[in-house]
Amino acid sequence: MQNILKIILLLFLLSRNIFPQIFIEVKDSVTGKPVRNALVFTSAARTFTNEEGKFDLLLFQRGDTLKISHLSYLPKNITYTHALKKGLILLTEREFKTGEVRIIGEKPLEEKTKIKTDIKISPDTKGTILSIGDILKKRTLLFVKDYGGLQTVSFRGMSAENTLVLFNEARVNDLQTGTFDFSIFPTSGLNKVEYVKNSTSGFLTSGGIIKLFSGNPKGEDNSVFGAAFNSNSTQNYFASVKKVWDKYSLSFNANRSFSPNKYSYIFEGKKHFRENAFFSKSFLSGETEWKNKNIILKFYSHYSHLLNGLPGFVVSNNLASSKASSLSNSFLSVANADVRLSRHNSLKSILSFNSQSLILNDPAGQLFYTDKKQCTHFYDYSILNKYRHGTKNFEFSFAHYFNFGKVDNLASAIAVSKKQTSAERIENILLGNFSYRLKLNSVLREIVFSAGANYLLINEKINSSENYSYFSNAISVLLTPQLSKNLELIFSLKNNYRHPTFNERFYSGLFGSSNLQGEEYHSLDVTLRSSFNYIGKGTLELSYFNIFGNNKIIWVPSRLALQIPRNIARVKSQGLEFSFSQWLWYKIFYLDFRYAYTQSKNISQPKPGDETYGKQLIYTPYHKAILTFNADYSIWKFSTSFLFTGKRYFTPDNTERNSLNPYFLLDFSLSADFKIFFVQNLITFNIYNALNENYLVIQSYPMPLRTYSINYQMRLK
């Protein structure tokens, strides 16, 4: 290991001394996004910007006037001295006019009313953060529950079952539990994450929508190889190969990581090591895409293998391991077809197949009553067909979604019978949406109105066959004042339902019939957002939300001390969310601050002796804040993130003895991105939990103390 670090350091020093470089960024003047493949030239030399929108200024001479040319942008001239001083060149988007056709790349109307966060998975992001769950934890106000490996995400006091997860637009939530494990996907296989707070098109949910995207949007040839090591003996290796031939592209990704994960923690004043928290992950994916002027066809498939220990609960009388383990193998395939029928009409089809097998081993017999091993297989098939008609001021879409899901064994973990119970579900959903924009010349510049509806039909077989139907709807209105086109006010209203999961259905009838009803939610969201360019480009967003839930499913103790799901709760969640981001000093520095105040209460009709009425829902912090600061100059990039999570309760009566203390997490990252001959190298050194905070995200699952890691990437073109 020491020899490897010495070689890397030597190569880095050689690159700086033998091959000096000064990188200048070329970006879009409006979006701030890098402009790749822009031609930079003089009469004596020429080059192109790379995938990050950068070029080496030292290819030119002092006194030169550089000319920048790109098909989508207006040409620009800049002197060598000015480029060196600024370190940044901004290009203005070109408008194309042909008769009555005017192409300016405007957003779809429904997109304008969305409140969302886009997270680009850049090479330096992959060098710092290895899991999608950790990205969401650092870049959004979502609450990520970490069980020492398994990661689920919740939103505004809602449960993880209410958070919808789409991969390449296909729904991937597990129908058995209703959740999604974000620790499965490595960042090396993705290029973008989109977090949507409100939406009127597609699936409607009050728990937010997280979209994961793979692919090669830049259409580039490259190969990436990397490795990461940390002080908890974790090793991670990954490789990615992308190749493009005119209309056809192909990409492969592979990831292998493993660790004893025997990290240290402090409990009752003494240092211990987490037992049975090991993991071993393998991930392989492949993707192919073909496109022409009117058709885009894409097919993605991956295999995931995860073997991990199930650590025992850390309490005063149990610091040892349960010796139990979980083995999960899954296949996911998604096919996408986008067809442009005419200038205003298009079709989209999404076909997916998801297969999972889960084997739980309990050699000590501490988890199961009936056996020391439980096996479950899950299959999920779905297809969505969508027609869209859109003009400059009007859009309409209609879609049909079909899903068939089956699990062959629900009798696991706390079941008291060896009988294997299977479950099947067929879903048919009709989805409609329309948007309309009204241009004004008075106090308001424009109004954009969007409305959507879902009609869900379910046939479900768990012991007996049952039919269910739900209707959901949502509206959003965007107002842009005449005073400023960069100031927007968005009002959103939503009514939606969540159908019980297979597990909830099964365990609710374990000791008699209990026909669980779907959870009902009524949501209001008011958001003010603005963009500005005073000191540098920046954004500001302030949201108020109010969510009322009825028939919420709560797992309560039964006469045999088992947890049984029941429709017993009415909840109200309201709060404020604030975000501010700012680029400073020619985009060398970036500051991002996010804060959320969430009051999520049980407002069920109180009963005599009920100590849960008016109390905060479990694991929902009142306060959460994230502060991120980045500095990017030449080959160097420094990043630090500060995360604060307030007090949480893990019992519904909110007693102080059953609370988790607030915690502060401070992470640092320093990376160097340099080139040696034709190889681009990225070395990143990270310090996680720099303050050595002793904290728990979930009761009885202590998190690691201070951890160091070093990551290396090699990129070939």
Side-chain angles (χ1 to χ4, degrees), residues 114-119 129 133-146 153-158 163 193-198 206-210 486-492 523-532 534-547 572-584 589-601 616-630 639-649 659-668 688-691 693 695 697 703:
K114 278 185 180 179
I115 306 166
K116 65 177 185 175
T117 301
D118 289 328
I119 305 172
I129 309 174
D134 289 338
I135 284 183
L136 295 173
K137 188 187 305 181
K138 292 187 174 185
R139 304 285 180 86
T140 73
L141 290 169
L142 291 163
F143 184 67
V144 180
K145 291 184 180 178
D146 196 324
V153 170
S154 56
F155 171 80
R156 291 178 172 177
M158 301 291 98
T163 302
V193 177
E194 186 178 292
Y195 159 47
V196 182
K197 296 181 182 180
N198 74 325
S206 289
I209 301 173
I210 298 174
N486 295 321
L487 183 65
E488 297 175 333
L489 184 62
I490 302 173
F491 297 89
S492 299
S523 310
L524 166 67
D525 191 297
V526 181
T527 298
L528 176 68
R529 66 186 180 193
S530 175
S531 60
F532 52 88
Y534 299 129
I535 305 174
K537 184 175 177 62
T539 60
L540 184 148
E541 186 173 288
L542 177 64
S543 295
Y544 166 77
F545 64 90
N546 190 314
I547 304 172
K572 184 177 182 180
S573 184
Q574 61 181 337
L576 294 171
E577 294 175 343
F578 173 78
S579 67
F580 170 82
S581 64
Q582 175 77 67
W583 288 96
L584 300 168
F589 301 111
Y590 177 73
L591 180 69
D592 185 271
F593 174 73
R594 299 173 188 269
Y595 168 77
Y597 171 77
T598 304
Q599 187 184 74
S600 192
K601 304 284 188 180
Q616 185 84 342
L617 298 184
I618 61 172
Y619 292 119
T620 302
Y622 282 105
H623 305 280
K624 182 174 182 180
I626 305 169
L627 177 63
T628 302
F629 175 77
N630 296 333
S639 176
T640 181
S641 63
F642 175 88
L643 171 65
F644 169 76
T645 301
K647 179 191 292 186
R648 291 141 296 133
Y649 298 95
S659 65
L660 300 180
N661 293 328
Y663 61 86
F664 300 82
L665 293 181
L666 182 63
D667 297 341
F668 292 102
Y688 304 113
N689 192 7
L691 299 178
E693 185 87 357
Y695 71 103
V697 178
M703 295 291 103

Glu577 and side-chain contact (heavy atoms from CB on, under 4.5 Å): which partner among Arg594, Lys624, Lys197, Glu541?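 It is Lys197, the one option of Arg594, Lys624, Lys197, Glu541 that forms the side-chain contact (heavy atoms from CB on, under 4.5 Å) with Glu577.
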Under the side chain to side chain contact (heavy atoms under 4.5 Å, CB included) rule, what do Leu591 and Leu627 come out as? Steps first, then yes or no, please. CA-CA 8 Å; Leu591 180 69; Leu627 177 63; 3.6 Å; yes
Which of parallel (below 30°), tilted (30 to 60°) and perpendicular (above 60°) describes Phe664 and Phe642?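 Tilted.
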Which of parallel (below 30°), tilted (30 to 60°) and perpendicular (above 60°) describes Tyr590 and Trp583? tilted
Between [X] and [Y], is any pair of side-chain heavy atoms under 4.5 Å apart?
{"X": "Ser573", "Y": "Phe545", "answer": "yes"}
{"X": "Ile210", "Y": "Phe155", "answer": "no"}
{"X": "Phe532", "Y": "Gln582", "answer": "yes"}
{"X": "Leu142", "Y": "Thr163", "answer": "no"}
{"X": "Leu141", "Y": "Tyr595", "answer": "no"}
{"X": "Tyr688", "Y": "Leu665", "answer": "no"}
{"X": "Leu487", "Y": "Leu528", "answer": "yes"}
{"X": "Leu489", "Y": "Val526", "answer": "yes"}

Do [X] side-chain atoms and [Y] backbone N/O form a donor-acceptor pair below 3.5 Å?
{"X": "Arg529", "Y": "Leu542", "answer": "no"}
{"X": "Arg139", "Y": "Lys137", "answer": "no"}
{"X": "Ser492", "Y": "Asn198", "answer": "no"}
{"X": "Asp667", "Y": "Asn689", "answer": "yes"}

With rounding to the nearest 0.5 Å, note down the distance linking [atom1] in [X] to [atom2] in [Y].
{"X": "Leu136", "Y": "Ile119", "atom1": "CG", "atom2": "CD1", "answer": "5.5 Å"}
{"X": "Thr598", "Y": "Gln616", "atom1": "OG1", "atom2": "CD", "answer": "7.5 Å"}
{"X": "Lys116", "Y": "Thr140", "atom1": "NZ", "atom2": "OG1", "answer": "15.0 Å"}
{"X": "Ser581", "Y": "Phe593", "atom1": "OG", "atom2": "CZ", "answer": "12.5 Å"}
{"X": "Leu666", "Y": "Leu691", "atom1": "CG", "atom2": "CG", "answer": "5.0 Å"}
{"X": "Gln599", "Y": "Leu617", "atom1": "CD", "atom2": "CG", "answer": "10.5 Å"}

Could you report the tightest heavy-atom contact between [X] and [Y], atom names first, then the distance?
{"X": "Ser154", "Y": "Met158", "value": "CB-O, 3.1 Å"}
{"X": "Pro662", "Y": "Glu693", "value": "O-OE2, 4.0 Å"}
{"X": "Gly133", "Y": "Val144", "value": "O-CG2, 3.7 Å"}

Tell me whether the count of non-hydrogen atoms from other residues, nucleotides or ligands lying under 6.0 Å of NZ in Lys572 goes above 12.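 Counting other residues, nucleotides and ligands, NZ of Lys572 stays at 12 neighbours or fewer.
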I would like to know whether Asn630 and Ser639 meet side-chain hydrogen bond (donor to acceptor under 3.5 Å, both in side chains); could you show each step before the answer? CA-CA 4 Å; Asn630 296 333; Ser639 176; 2.7 Å; yes
Quickly, which of Phe143, Tyr597, Phe644 forms a ring-ring contact (aromatic ring centres under 6.0 Å, His included) with His623? Name it, please. Tyr597
Salt bridge (charged side-chain N to carboxylate O under 4.0 Å, His left out) between Arg156 and Asp525: does it pass, once the steps are laid out? CA-CA 11 Å; Arg156 291 178 172 177; Asp525 191 297; 2.7 Å; yes
Partners meeting side chain to side chain donor-acceptor pair (under 3.5 Å) with Lys114 (sequence neighbours left out): Glu111
Please assess Met703 against Val697 for the test side chain to side chain contact (heavy atoms under 4.5 Å, CB included), listing each intermediate value before the final yes or no. CA-CA 7 Å; Met703 295 291 103; Val697 178; 4.0 Å; yes
What verdict does the side-chain hydrogen bond (donor to acceptor under 3.5 Å, both in side chains) test give for Thr620 and Ser600, after you've listed the backbone C-alpha separation in whole Å, the side-chain angles of each residue and the deciding distance to 0.1 Å? CA-CA 7 Å; Thr620 302; Ser600 192; 4.9 Å; no
Excluding sequence neighbours, so at least two apart, what forms ring pair (Phe, Tyr, Trp, His ring centres under 6.0 Å) with Tyr544? none
